[in-house]
Amino acid sequence: MTHNTVDRRTLLRATGLVAGGLLLDAGAAHGLTPSSAPATSPPSPDEAWAKLREGNRRWASGTAIRPHQDLARRAGTAQNQEPYAVVVSCIDSRVPPEIVFDTGIGDLLSVRSAAQTIDPLVSGAIEYGPAELDTPLIVVLGHQRCGAVAAAAHALHEDTRLPGDLHHIVEALRPAYRRASGNTDKMIRINTADVVAKLKADKLFVPRIARKQLKIVGCYYSLDTGQVTRVV
């Protein structure tokens, strides 16, 4: 590396911290405190997972506190972000990750697709957190009564083709369908485990996992109870 070459991650963090500090000084003049700024270093994978579990317990029990959703947090993250988890979840309107885990601005990178299926573009979005921001945790979140899974299962059972690009979702779910023996709930859990396995084999993640800088977990969200349980 020459003296003219600067690691882009270091540059992004440094620029964000400097700008963020200036912004927080201005914010304090308006009654905004820096307490809502991101942490200066990411938590460990286990600490990040514990934070998500605690947030979900609050959500499921009806005691959500909706953290990091005020003007101070907005000011503190305007120039810098240090999310502690990437949540890969379904596009279903009933499963917004920030609400399910009772988090706020700057806490999560949310990557959403039908039935949390992945392709190169989705994988690239997931890679951004650990590779560029040192995000220590990835959560793959399947959920109860997933409409995309049900539609795919029906199309595969009837040997019909869904319109437009929807057939790509069906093909992505075909392996889980074959192993689930027609049980859609089982299919959801199998697909979640399959996505976790694919991500664990990602060439950018393998060394991070080996150094215990990254953890990838698979979970299942109950629409009925609001609870997230770990499946892999």
Would the distance check show the side chain of [X] and the main-chain N or O of [Y] forming a donor-acceptor pair, the cut-off being under 3.5 Å?
X      : Y      : value
Arg179 : Ile190 : no
Asn191 : Ala176 : no
Ser222 : Thr225 : yes
Gln69  : Thr103 : yes
Ser44  : Glu47  : yes
Arg73  : Ile105 : yes
Arg208 : Asp134 : no
Asp102 : Ile65  : yes

- Message: On the six-membered ring of Phe205, is Lys200 placed so that its NZ or CZ lies under 6.0 angstrom from the centre and within 45° of the ring axis?
- Response: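 Pair Lys200/Phe205 does not count as cation-pi.
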Which heavy-atom pair separates [X] from [Y] by the least distance, and what is that distance?
X      : Y      : value
Ile91  : Ala114 : CG2-N, 3.8 Å
Asn56  : Val228 : OD1-N, 2.9 Å
Ala152 : Met187 : CB-CE, 4.4 Å
Val232 : Ala193 : CG1-CA, 4.1 Å
Pro130 : Val86  : CD-CG2, 4.1 Å
Gln116 : Thr192 : NE2-OG1, 3.2 Å

- Task: Please step through side chain to side chain contact (heavy atoms under 4.5 Å, CB included) for the pair Glu98 and Val100, ending with a clear verdict.
- Result: CA-CA 6 Å; Glu98 289 81 4; Val100 166; over 6 Å; no
According to a hydrophobic-cluster definition based on side-chain heavy atoms being under 4.5 Å apart (Ile, Leu, Val, Met, Phe, Trp, Tyr only), do [X] and [Y] belong together?
X      : Y      : value
Ile118 : Leu108 : no
Leu204 : Val196 : yes
Ile99  : Leu141 : yes
Tyr220 : Val140 : yes
Ile126 : Val87  : no

Are the side chains of [Y] and [X] in contact, using a 4.5 Å heavy-atom criterion?
X      : Y      : result
Trp49  : Cys219 : yes
Lys51  : Asp107 : no
Tyr84  : Leu52  : yes
Pro136 : Leu214 : no
Thr117 : Val122 : no

When rounded to the nearest 0.5 angstrom, what distance separates [atom1] in [X] from [atom2] in [Y]?
X      : Y      : atom1 : atom2 : answer
Leu109 : Glu132 : CG    : CD    : 11.5 Å
Thr184 : Arg189 : OG1   : CZ    : 11.0 Å
Gln81  : Thr135 : CD    : OG1   : 7.5 Å
Arg94  : His143 : CZ    : NE2   : 6.5 Å
Leu173 : Glu171 : CG    : CD    : 9.5 Å
His68  : Thr77  : NE2   : OG1   : 9.5 Å

- Query: side chain to side chain contact (heavy atoms under 4.5 Å, CB included) between Val88 and Ile138: does it pass, once the steps are laid out?
  - Reply: CA-CA 7 Å; Val88 185; Ile138 297 174; 4.0 Å; yes
- Query: More than 12 foreign heavy atoms under 6.0 Å from CZ of Arg230: is that the case here?
  - Reply: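 Counting other residues, nucleotides and ligands, CZ of Arg230 exceeds 12 neighbours.
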- Message: With a sphere of 6.0 Å drawn around NE2 of His167, does it hold more than 12 non-hydrogen atoms of other residues, nucleotides or ligands?
- Response: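 Atom NE2 in His167 is crowded, with more than 12 foreign heavy atoms closer than 6.0 Å.
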- Query: Do you know which of Asp224, Asp185, Asp92 makes salt bridge (charged side-chain N to carboxylate O under 4.0 Å, His left out) with Arg145?
  - Reply: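 Of the listed residues Asp224, Asp185, Asp92, the salt bridge (charged side-chain N to carboxylate O under 4.0 Å, His left out) partner of Arg145 is Asp224.
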- Task: Decide side chain to side chain contact (heavy atoms under 4.5 Å, CB included) for Ile209 and Lys215; before the verdict, give the C-alpha distance in whole Å, the side-chain angles of both, and the deciding distance to 0.1 Å.
- Result: CA-CA 6 Å; Ile209 294 171; Lys215 174 177 284 189; over 6 Å; no
- Task: Output, in order, the C-alpha distance, side-chain angles, deciding distance and verdict of side chain to side chain contact (heavy atoms under 4.5 Å, CB included) for Cys90 and Arg112.
- Result: CA-CA 5 Å; Cys90 183; Arg112 306 183 68 177; 5.9 Å; no
